[in-house]
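Down below is the structure, laid out as structure tokens.
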Amino acid sequence: MKSITIKGSERESVGKVSTKALRNAGAVPCVLYGGNQAVHFSADEKAFKNLVYTPNAHTVVIDLGEKTFNAILQDIQVHPVSDRILHIDFFQLNESKEITMEVPVKIVGTSPGVLLGGDLRLNQRRLKVKALPKNLPDYVEANISELQMGNKLYVTKVVTNNFKLMHPDNTVICQVKISRAAMKAAQEAAKAAKAPAKGKKK
């Protein structure tokens, strides 16, 4: 999985006053969990642009000068009106322990059902995967090459290499719905097929 580096600095004071001062200065207060003890730090709000405002999944290298940590984004708080980032929680990665995170779904292949006029509906845009940090995928491939009209693609049909999908077997990733145009065409074809039979003389 691709990684993004966030450069920041450790926080000595974590009270409300210092937190407010950080935000007023355009910085985001953050906490890193998962280690021996929580690490409080801050970074410029602009540094999170490629991590937060993207459909892609990334691991994070938190660079605090003398210390660096490998982590993933765990939780984010955003202002309900301004959409400014208020706070971010990270979780430190351990190379020998599996981690669970969400990654985007990537559709590959061409569906025969779509070629016949069906509508492809994506039920899951992101999926939870569990793997060692080195095996975390950038995305999960959903191959629709065998989807006929009315078919569904379940998580059990996805190829997983060195990672597990953390969803029930009946979870539908995507499906090919019969479109109105295709349904109308099928009805007209059925009527046309019956018409000659009615006109036949005994």
Side-chain angles (χ1 to χ4, degrees), residues 1-8 10 28-43 45-78 85-111 120-147 151-176:
M1 179 176 284
K2 294 176 183 175
S3 182
I4 288 178
T5 298
I6 302 292
K7 291 187 177 182
E10 280 196 71
V28 177
C30 307
V31 183
L32 173 67
Y33 296 101
N36 294 328
Q37 59 183 24
V39 178
H40 295 264
F41 69 99
S42 65
E45 188 174 3
K46 294 177 182 177
F48 300 101
K49 180 179 68 174
N50 294 328
L51 176 65
V52 176
Y53 305 110
T54 174
N56 301 320
H58 298 92
T59 54
V60 184
V61 175
I62 298 172
D63 183 352
L64 302 182
E66 295 181 357
K67 302 175 184 176
T68 59
F69 305 91
N70 291 317
I72 59 168
L73 190 154
Q74 187 174 50
D75 189 38
I76 181 170
Q77 294 176 24
V78 179
I85 301 171
L86 298 177
H87 184 90
I88 297 181
D89 287 342
F90 291 93
F91 189 82
Q92 188 174 342
L93 296 177
N94 183 322
E95 292 302 320
S96 62
K97 291 183 179 180
E98 290 185 322
I99 188 78
T100 300
M101 70 178 296
E102 286 191 342
V103 300
V105 171
K106 181 181 180 181
I107 299 294
V108 297
T110 302
S111 162
L120 181 66
R121 303 284 178 86
L122 190 58
N123 298 57
Q124 305 288 336
R125 295 187 179 277
R126 299 176 76 83
L127 291 171
K128 279 186 180 179
V129 301
K130 185 176 184 179
L132 291 172
K134 65 178 182 179
N135 295 329
L136 286 169
D138 290 310
Y139 49 80
V140 173
E141 280 195 359
N143 194 324
I144 61 172
S145 300
E146 296 182 7
L147 285 189
N151 285 175
K152 298 177 180 179
L153 181 68
Y154 293 92
V155 289
T156 51
K157 294 293 184 180
V158 171
V159 177
T160 56
N161 294 318
N162 300 320
F163 66 87
K164 305 171 198 168
L165 286 174
M166 307 303 288
H167 295 269
D169 290 348
N170 62 351
T171 301
V172 176
I173 298 175
C174 59
Q175 57 187 314
V176 179

>> Could you work out, with salt bridge (Lys or Arg N to Asp or Glu O under 4.0 Å) as the rule, every residue matching Glu146, not counting sequence neighbours?
In response: none
> Under the salt bridge (Lys or Arg N to Asp or Glu O under 4.0 Å) test, which residues partner Arg125, sequence neighbours left out?
Replying inline: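 Salt bridge (Lys or Arg N to Asp or Glu O under 4.0 Å) check on Arg125 returns nothing, list empty.
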Any chance you could measure [X], atom [atom1], to [Y], atom [atom2], to the nearest 0.5 Å?
X: Ile173; Y: Lys152; atom1: CD1; atom2: NZ; answer: 13.0 Å
X: Leu32; Y: Ile88; atom1: CG; atom2: CD1; answer: 12.0 Å
X: Leu93; Y: Lys134; atom1: CG; atom2: NZ; answer: 13.5 Å
X: Leu165; Y: Thr100; atom1: CG; atom2: OG1; answer: 11.0 Å
X: Thr59; Y: Leu73; atom1: OG1; atom2: CG; answer: 11.5 Å
X: His87; Y: Gln77; atom1: NE2; atom2: CD; answer: 6.0 Å

Please report the closest heavy-atom contact between [X] and [Y], naming both atoms and the distance.
X: Pro104; Y: Asp138; result: CD-O, 3.4 Å
X: Val172; Y: Gln124; result: O-CG, 3.2 Å
X: Ala131; Y: Asn162; result: CB-O, 3.6 Å
X: Gly34; Y: Phe91; result: CA-CE1, 3.7 Å
X: Gln74; Y: Tyr33; result: OE1-CD1, 4.2 Å
X: Gly109; Y: Asn143; result: CA-OD1, 4.2 Å

> Going through the checks in order, is the side chain to side chain contact (heavy atoms under 4.5 Å, CB included) test met by Ile99 and Ile72?
Replying inline: CA-CA 9 Å; Ile99 188 78; Ile72 59 168; 3.6 Å; yes
With the side chain counted from C-beta on, respond yes when [X] and [Y] share a heavy-atom pair under 4.5 Å apart, and no when they do not.
X: Tyr139; Y: Pro55; answer: no
X: Glu10; Y: Val39; answer: yes
X: Ile144; Y: Ile107; answer: yes
X: Thr171; Y: Tyr154; answer: no
X: Val129; Y: Met166; answer: no
X: Val103; Y: Met1; answer: yes
X: Leu136; Y: Met101; answer: yes
X: Gln92; Y: Phe69; answer: yes

>> Using modelled atom types and a 3.5 Å cut-off, is there a donor and acceptor pairing between side-chain atoms of Ser111 and backbone atoms of Leu147?
In response: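 Checking the backbone N and O of Leu147 against the side chain of Ser111, a donor-acceptor pair under 3.5 Å is found.
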> Any sub-3.5 Å donor-acceptor pair from His167's side-chain atoms to Val155's backbone N or O?
Replying inline: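 No, His167 side chain to Val155 backbone: no donor-acceptor pair under 3.5 Å.
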>> Check this for me: Gln37, atom CD, are more than 12 non-hydrogen atoms of other residues, nucleotides or ligands nearer than 6.0 Å?
In response: no
>> Run Ile4 and Val61 through side chain to side chain contact (heavy atoms under 4.5 Å, CB included) and show every step you take.
In response: CA-CA 6 Å; Ile4 288 178; Val61 175; over 6 Å; no
>> Run Cys174 and Leu120 through side chain to side chain contact (heavy atoms under 4.5 Å, CB included) and show every step you take.
In response: CA-CA 7 Å; Cys174 59; Leu120 181 66; 4.3 Å; yes
